[in-house]
**Q** 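The structure follows.
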There are 2 protein chains.
Amino acid sequence: MSAATSARVRPARVGRPNKDSREKDAREAILDVAEERFSRHGFHGVTVREVANAAHVNTALIHYYFGSKKELFDAVFMRRAEIINAERMAAMDAYAAAHGDGVTVEGAIEAFLAPVLTRLANGGPGWRNYFALVGLVNSTTAWGGEVMTRYFDPVIHRLIDLIACALPEASKEDLYWSYNFLSGSLTLSLAETGRIDRLSEGLCHSDDVEALRPRMIAYAAAGFRRVCEGK
Amino acid sequence: MSAATSARVRPARVGRPNKDSREKDAREAILDVAEERFSRHGFHGVTVREVANAAHVNTALIHYYFGSKKELFDAVFMRRAEIINAERMAAMDAYAAAHGDGVTVEGAIEAFLAPVLTRLANGGPGWRNYFALVGLVNSTTAWGGEVMTRYFDPVIHRLIDLIACALPEASKEDLYWSYNFLSGSLTLSLAETGRIDRLSEGLCHSDDVEALRPRMIAYAAAGFRRVCEGK
DNA sequence: CAATTATTTATACGCCCAATGAATTTACTG
DNA sequence: CAGTAAATTCATTGGGCGTATAAATAATTG
């Protein structure tokens, strides 16, 4: 189906487990390295040779598993998207079920953010790299919007529906624009460019999730209210 | 000083004015095309050949004027940064002078945003491309934070000082985090990924500055207040 | 243990990249 | 109108790119 002739879909765990006692699959090692590189330099700033070397595998192995560089990128993007989307859906469903009629803007946003912030804080470097990649893709003019739409729209519509319950007077336009502002704030925080560290001369740190979390929720909730209630 | 041996700094306008009666300098044409391409595909997603062809110029001419691809990128980034920075500084100075003791969060943010939003709405495609490029760079992990710091820090500190007048109780941390959220919202809007168009199924448009402006100001001001006043 | 299948490596192809330096064309200057 | 300097082109260099193919190696299966 895909571009190249091969691109195997990981058969049932056969073949030798890897020469030098590497604990993970070669396939997973490739994904990890690619994730880290793509998140820092973007799709075009990374070469498949570079990924192969850093993962200690042969270049051809990447094409054996993924078919092409583009398909490798997609595999990186998809791997954790499915996990985090399921977690966010569950968190919002649980919040809605628990509060039914009395949902608040703050509660909805917190449910929407919690899985991401938890993974960001405790998920290890893989998850941090992944979120930085999402932040980068989200701002990429050429194909960023399209990719984000494909992977993340359902979760976002769930959030907007939830907030619409808390703000029944809100217009669709106001809700979408407000979400766009929230999205920008979030993805810049995820990108971890070290910008706030430099700007604040060391007072704040991009990786300080505990400082980020309450401020992000308060800021976004207040913004939604003001835009959507007009007061 | 720079990488290549040459990289001329535009001498006094000599030489032939350009074969096929082109009105602009070749140099400006190169900058315009590079701006557009870099803003869509990032530094590594663009080749100097591609820029040369689109600008109807020989590849070597780019190296004649700019020395290297990296220096071309820097020239693109700097060209409009100086203009917009001066305008923003002037706008905030004027606002501070006019309101002295009675500055508000809304007023400060409006002064900070006004020159950008005006250029975005009425500055033509060059300015739109430029702002999209800023949006992309701002989210680029590898060197984005550093580049933004170098070019835009003074304006931002001016804004934060102004808001600090309106919110004298605010802590530095709260101000910096809030600014970071504002910055994310703004640069995502500038990036014009078409995301909000797709998300809203055509209801909202990324290039609708008149819809963006009042919502952006209201959202950010409310966020600042809530985070910095804690109420 | 032979046959098979999955994994990994070695090697190479064809293409395009950024960058150079010399040659050439154009316009200005005295 | 010759001389000079800027602008532009041409031809080339060396290297890295993504991808393809086939051989070699290792584990599984009958």
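Just so we're on the same page: letters track the sequence lines, and every chain starts at 1.
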**Q** What nucleotide, of C/dT8, D/dT19, D/dC10, holds the atom closest to the side chain of B/Ala60?
**A** D/dC10
**Q** Please report the distance, rounded to the nearest Å, between CG in B/Leu61 and P in D/dC10.
**A** 12 Å
**Q** Separation of A/Glu71 atom CD from D/dG18 atom C1', in whole Å?
**A** 13 Å
**Q** Among C/dA18, D/dT19, D/dC17, which is the nearest nucleotide to the side chain of A/Ser68?
**A** D/dT19
**Q** Restricting to non-hydrogen atoms, name the atom on B/Ile196 and the atom on A/Tyr176 that form the minimum distance, rounded to 0.1 Å.
**A** CD1-O, 3.8 Å
**Q** Output yes when A/Asp208 and A/Arg213 qualify as a salt bridge under the 4.0 Å nitrogen-oxygen rule, no when they do not.
**A** no
**Q** Rounded to the Å, how far apart are B/Asn53 CG and D/dT9 C1'?
**A** 14 Å
**Q** Is the phosphate of D/dT8 approached by B/Tyr64 (side-chain N or O, under 4.0 Å from OP1 or OP2)?
**A** no
**Q** Of the candidate nucleotides D/dG18, C/dT9, D/dT8, which contains the atom at the shortest distance from the side chain of A/Asn58?
**A** C/dT9
**Q** Could you check whether B/Thr59 gets within reach of a base, just the sugar-phosphate, or nothing at all, counting any heavy atom under 4.0 Å?
**A** nothing
**Q** Describe the nucleic acid contact of A/Val46 in one word from base, sugar-phosphate, nothing, applying a heavy-atom distance below 4.0 Å.
**A** sugar-phosphate
**Q** Let's see if you can work this out: which of D/dT21, D/dT19, C/dA18 has an atom nearest to the side-chain heavy atoms of A/His63?
**A** D/dT19
**Q** Nearest-Å distance, CZ (B/Arg27) to P (D/dT8)?
**A** 12 Å
**Q** For B/His44 and D/dC17, give me the distance from atom NE2 to atom P, rounded to whole Å.
**A** 12 Å
**Q** I need the CD1-P distance between B/Ile30 and D/dT8, as an integer number of Å.
**A** 8 Å
**Q** Give the nucleotide from the list C/dA19, C/dT9, D/dT8 with an atom nearest to the side chain of B/Tyr65.
**A** D/dT8
**Q** Measure from the side-chain heavy atoms of B/Ala26 and tell me the nearest of C/dT9, D/dT9, D/dT8.
**A** D/dT8
**Q** By the 4.0 Å heavy-atom rule, please label A/Val48 as base, sugar-phosphate, or nothing.
**A** base
**Q** Is the NZ or CZ atom of B/Lys69 positioned over B/Phe43's six-membered ring, under 6.0 angstrom from the centre and within 45° of the axis?
**A** yes
**Q** Could you state the NZ-P distance from A/Lys69 to D/dG16, rounded to the nearest angstrom?
**A** 16 Å
**Q** Taking donor-acceptor contacts at under 3.5 Å, does the side chain of A/Arg49 reach the base of D/dG18?
**A** yes
**Q** What's the spacing between A/Leu188 CG and A/Asn138 CG if we round to 0.5 Å?
**A** 10.5 Å
**Q** Rounded to the nearest Å, what distance is computed from the CD atom of residue A/Glu28 to the C1' atom of nucleotide C/dT7?
**A** 16 Å
**Q** Would you compute the distance between atom CG of A/Leu175 and atom CG of A/Leu182 and round it to the nearest 0.5 angstrom?
**A** 12.0 Å
